[in-house]
Amino acid sequence: MHELAPYAVSPANSRGRRIGEESSSGRTAFQRDRDRIIHSTAFRRLEYKTQVFVNHEGDLFRTRLTHSLEVAQIGRSVARNLRLNEDLVEAIALAHDLGHTPFGHAGQDALNACMKDYGGFEHNLQSLRVVDVLEERYGAFNGLNLCFETREGILKHCAKKNARKLGDVGERFFSNQRPSLEAQLANLADEIAYNNHDVDDGLRSGLVTQQQLEEIGLFSRHMAMAKKQYPEILGRRLIHETVRRMINTLVADLIKQSAINIADARLDGLSAVRAAPVLVGFSEKILQEQQELKKFLRDNLYRHYQVARMSAKAHHTIEMLFDAFRSDIQLLPPVYQAKYGTEKHQAIADYIAGMTDRYAIREYRRLFAIEES
Ligand code: MG
């Protein structure tokens with residue numbers, strides 16, 4: 001591994017695991033965290049969970065799994081250049097969406113609405129709950145017993161009322177502290193990944209067109225570069241040559257600007273990172289271009305009527321499942337009933353949040369179609 005900068009998280013300055021474990025001879029603590037995440041059940045479920053397009057809409061669209069892999073790839077390459085802890089960034093990236101419900105944001109909004117009177121539902125918090133509580137793999141503890149810095153990175157946002165219940169990992173939401181640079185980076189790698197793959201998936205789906213995107217600075221600039229180098233190429237090949245240039249520009253800008261911010265802050269260690277403002281970020285120009293692209297995707301893809309129809313169906317499915325279990329807890333699989341006898345609504349939310357798209361669709365049929373069992 002490359003030599004870490006003094007402001008990077010390292011196994012030496014880590015706050016460690018909640019339950020002490022002997023260190024491994026062949027792997028660092030953060031490589032071990034990454035491996036635990038990859039072997040978890042929740043990680044395998046990401047394959048069948050919606051990013052933007054519901055799983056059955058097409059085999060080539062991003063799922064939560066391929067999205068998470070792209071986030072990890074981008075995060076690692078920036079981490080290497082900034083001499084940050086690549087293994088930690090990778091672990092955070094691979095785990096950041098573990099708590100997502102089926103059906104993407106529509107599913108999350110629906111479950112949050114269902115849980116309104118019982119503390120709400122936040123996917124970041126649920127990702128932490130997956131790695132802290134819900135995974136059942138070890139004899140000695142529930143969850144994966146990950147290092148503090150991995151857990152802190154997974155908890156990107158959190159309502160203060162929930163942060164209060166979390167102990168160490170919730171502290172920074174009150175003490176005006178920042179998470180590690182690795183966590184800050186994983187967050188922006190997520191943005192780079194989804195802005196770009198949603199352009200690609202949006203075009204593939206036909207819900208947005210190349211002509212529309214040519215109005216957007218970041219896209220048109222890079223498409224012009226691709227056309228200049230390869231005047232003959234068209235279609236998917238041209239789109240790919242454009243998108244890869246966009247990713248490259250964003251990654252290069254993120255490295256350059258973050259290096260400047262970090263140098264200006266004169267960091268001497270990890271505690272200086274926590275006290276400083278957010279340092280991993282884009283230049284002003286790129287930030288504006290990204291905002292323009294984000295707005296375009298929001299207005300034209302995420303709010304496209306065909307996406308809205310699927311979102312409405314997703315909302316309905318989650319709501320019906322939740323209501324059925326709430327009105328008769330006997331409908332919940334016995335293992336969930338037994339485990340959370342006193343926290344009925346949390347048990348229902350955990351069950352629903354863990355579902356893949358197709359599991360939720362099947363469960364809906366099993367509950368509401370008389371011919372299914
Ligand atoms: Mg994400």
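Atoms within each ligand, like the ligands themselves, are counted from 1 in listed order.
For the salt bridge (Lys or Arg N to Asp or Glu O under 4.0 Å) test, residues two or more places apart in sequence or in another chain that qualify with Arg15 are Glu171. With sequence neighbours excluded, no residue forms a salt bridge (Lys or Arg N to Asp or Glu O under 4.0 Å) with Arg358.
Taking distances strictly below 2.8 Å, the protein N/O/S atoms close to the Mg ion (ligand 1) are His67 NE2, His96 NE2, Asp97 OD2, Asp190 OD1.
In this structure, Leu250 and Phe282 approach most closely via the heavy-atom pair O-CE2, 3.6 Å.
The backbone N or O of Glu372 sits nowhere less than 3.5 Å from a side-chain atom of Arg366 that would complete a donor-acceptor pair.
Checked by atom type, the side-chain pair His67/His96 shows a donor-acceptor distance below 3.5 Å.
For residues 270-293, the salt bridge (charged side-chain N to carboxylate O under 4.0 Å, His left out) pairs, not counting sequence neighbours, are Glu152-Arg274, Arg221-Glu289.
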